[in-house]
Every structure is written in structure tokens, then in C-alpha cells.
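Just so you know, ligand 1 is whichever comes first in the structure, and atom 1 is the first atom listed for that ligand.
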Amino acid sequence: MTILDGKQTSTNIKNELKEEVQLRKEKGLKAPHLAAVIVGNDGASMTYVSSKVKACDFVGYDSTLIELPSETTEEELLNQISDLNNNPDIDGFIVQLPLPKHIDEQKVLLAVDPDKDVDGFHPTNVGKMTLNLSTFLPATPYGILELLERYEVETSGKNVVVIGRSHIVGSPMSILMSQKRPAGNATVTITHSRTKNLTEITREADIIVAALGKAEFLTGDMVKDGVTIIDVGITRVEDASKKRGYRLAGDVDFASVSPKAEFITPVPGGVGPMTIAMLLKNTMLACQRRND
Ligand code: GUN
């Protein structure tokens, strides 16, 4: 069993980007500048956003964190997005999801300039991705492709089962892995909460991407020997023995699945850090497109 070490791989990618920033500075070119908007004070979202800002510092990017109160109106948020679209120093920005219920997420994502949409969530960029045209790939699926590629996990002709159909992970993952591309060319099945006989399907899978957001859902009896497991889940589970009162659990029951796996991502330290590294990669691409 080989651990797909997202922490180490993301550090390698960040070091590559850091060198690229150095080279840019030596040539008198600007460093990439990422902005992140967060509305409200959801604990997990705040942790993710502060990790993104910290990662910018590590690689030498400029970053701007815009924290808005949970009562922010849709109009105020749209105005903020318009300012970021028009600010020539900002190369790319993200609006952390989920948003408070009174704000229409689709309206917000549509307002982001597609050329600054480093999350790859704008319909223009989703369309380009679907057509396998050059664009910003959504960071989590992009990170999974990169991890599979760097560990040389064979995907061509393999049976891939994706569990979960979210717009952020499950849906783009299924599209990307079926395409003619590195870490692609797979035969992909996308499954979700209405899928019948899920275990029959997962038992046939060479590669499983678990992205449904249910702690320790995928168990050893649901997979075959030699499977590759990508665990996207990261749920806070109450745990009185921890100082912070919770532990982080993936969608995969690591204890029962890992003995059967050829490759497996841990939680934490698997997909999570890769997501951040790929957001930085998209921001570098945005900066190059805008300024070079
Ligand atoms: N919420 C969960 N994942 C993501 C992500 O990749 N980007 C943004 N903006 N919000 C998220």
C-alpha cells in the first residue's frame, strides 16, 4: 500500500511556484496577487481561507483577505466583486463557499470575471473545462489529477467510480477523468444519493473518488483488492479526547479500506493541501495571462 502524500506533493508544487516567483521578480515582473472573499464566520471556511492566504505568503504571492459580516447583502457582495474585477493589481480571486442563505450563489459566481476566476466556477470556465479547452480547472479535481500523475497511477482504461455529484468536486472530476488527458482516459461512473446497489458498483472500481461528505462512509467490504482510493471528505467529528473538541474524518474508513488498497490518500494530508497548491498554480496562470 502506497500513501498518496498530498502534503509532500503540495510542498513540492509550492516550492516550484516559489522559484517561478523569484524568476519573475528577477525579470522585473510582478508577483501574482490573489484575493479571497469570505462572508460570515463559519469555522471551517475561515480555516480554509487562512490556509490559502498563508500559502500565498510561502510562495511569495501578494494576497488580500476580504472578510465581510454574515449580514452582508447580495448587492454589497456584488459591488465588492465588481471592485475586484476592476482592480488591475488583482490577478485572481475566490469567493469562499458556502455563502449565507440570503445570497444567491449562482448570481455571485456569474459576477466574477472569468479571467480572474481562479476557482474555475464561472459557467464560461466550466464550459471550457467540459470541452477540454485551456482554462482554470477547479482546484480540488485539478489537485487529484496532479497527485495521480505525479505518483504515476495508471488511469487509462480503468474503471473509476466517483461518489458525489457536487459542482465543486464530483461533477468536474467525472468529466476530467473521462477526457483524453494525463490522469484521464478512464471509464467513469458517477454515483450519488439516489444510486441503487452502490456497493456492487464500488466493488468493480479500480479507482474510487469519495466526495460525498459523510464521515467514514466507504468501508473495506465495498472495495476490491488493489483499489486506488482518493478521499475528498473532511468532516469535523466530535471527539472529547481532542483539545479542540473534534477530529477530522474523511469519507473513507481508512482502517478497513487501506489494507486492500494499492494507493490511498490520507485525511488530513491528502487532497486538502493539493487543493491549495492548485489554486496557487491557477493564480500564477492568471498572472501570466494578464501581465506577460
Ligand atoms: N468551498 C469548498 N471548497 C471550495 C473551493 O474550492 N473554493 C471555494 N471558493 N469555496 C470552497
Side-chain angles (χ1 to χ4, degrees), residues 6 10 13 34-56 61 63-68 70 72 77-78 80-81 84-85 90-101 103-114 116-126 129 135-147 162 164-173 175-176 209-215 230-236 248-251 265 267-268 270-283 285-286:
S10 73
I13 294 168
L34 174 72
V37 182
I38 180 165
V39 186
N41 50 12
D42 174 69
S45 289
M46 284 165 73
T47 307
Y48 298 147
V49 171
S50 69
S51 305
K52 290 171 186 178
V53 171
K54 243 175 47 198
C56 283
Y61 290 9
S63 65
T64 299
L65 175 59
I66 298 164
E67 294 175 283
L68 302 174
S70 51
T72 303
L77 179 57
L78 291 172
Q80 181 60 249
I81 290 172
L84 291 167
N85 284 341
I90 302 282
D91 296 300
F93 67 96
I94 63 157
V95 181
Q96 188 65 27
L97 304 177
L99 289 166
K101 288 204 168 40
I103 297 177
D104 181 344
E105 191 176 295
Q106 277 310 313
K107 225 174 179 173
V108 168
L109 297 181
L110 259 175
V112 176
D113 177 346
K116 293 192 176 189
D117 170 38
V118 285
D119 257 334
F121 292 167
H122 190 285
T124 294
N125 290 326
V126 177
M129 175 201 70
T135 187
F136 302 115
L137 298 182
T140 302
Y142 190 13
I144 294 169
L145 294 180
E146 193 73 19
L147 204 51
V162 177
R165 54 181 162 183
S166 73
H167 292 167
I168 295 181
V169 186
S171 169
M173 197 71 243
I175 293 166
L176 291 163
V209 180
L212 70 160
K214 275 196 184 164
I230 305 293
D231 188 352
V232 183
I234 186 149
T235 309
R236 292 181 176 192
L248 294 175
D251 287 351
T265 61
V267 174
V271 173
M274 290 301 293
T275 298
I276 296 178
M278 303 325 276
L279 174 68
L280 297 178
K281 228 172 147 70
N282 277 343
T283 307
L285 176 66

Subject >> OG1 on Thr47 to CD1 on Ile234, rounded to 0.5 Å >> reply: 9.5 Å

**OP:** Find the distance between CG (Leu97) and NE2 (His167) and round it off to the nearest 0.5 Å.
**Re:** 11.5 Å

**OP:** To the nearest 0.5 Å, tell me how far Leu137 CG sits from Met278 CE.
**Re:** 8.0 Å

Subject >> Spacing of Met274 atom CE and Ile276 atom CD1 [to the nearest 0.5 Å] >> reply: 11.0 Å

Original post:
So which bit of Tyr48 gets within less than 4.0 Å of ligand 1, heavy atoms only: side chain, backbone, both or neither?
Top reply: neither

Original post:
For ligand 1, is there an N or O atom under 3.5 Å from any N or O atom of Pro98?
Top reply: no

Subject >> From the candidates Met278, Gln96, Lys52, the one that places a heavy atom nearest atom 11 (C) of ligand 1 >> reply: Gln96

**OP:** Mind checking whether Leu279 contacts ligand 1 via backbone (N, CA, C, O), side chain (CB onward), both or neither, at a 4.0 Å heavy-atom cut-off?
**Re:** neither

Subject >> ligand 1 contact on Asp119 by region, counting heavy-atom pairs under 4.0 Å >> reply: side chain

Original post:
Is Ile168 in polar range of ligand 1, meaning some N or O pair under 3.5 Å apart?
Top reply: no

Subject >> Geometric N/O contact Thr275 with ligand 1, under 3.5 angstrom >> reply: no

Subject >> From CG (Asp91) to CG (Leu34), nearest 0.5 Å >> reply: 9.0 Å

**OP:** Give, for atom CG of Asp113 and atom CD1 of Ile90, the distance between the pair rounded to the nearest 0.5 Å.
**Re:** 12.5 Å

Original post:
In the protein, which heavy atom is nearest to atom 1 (N) of ligand 1, and how far is it?
Top reply: Leu97 O, 3.0 Å

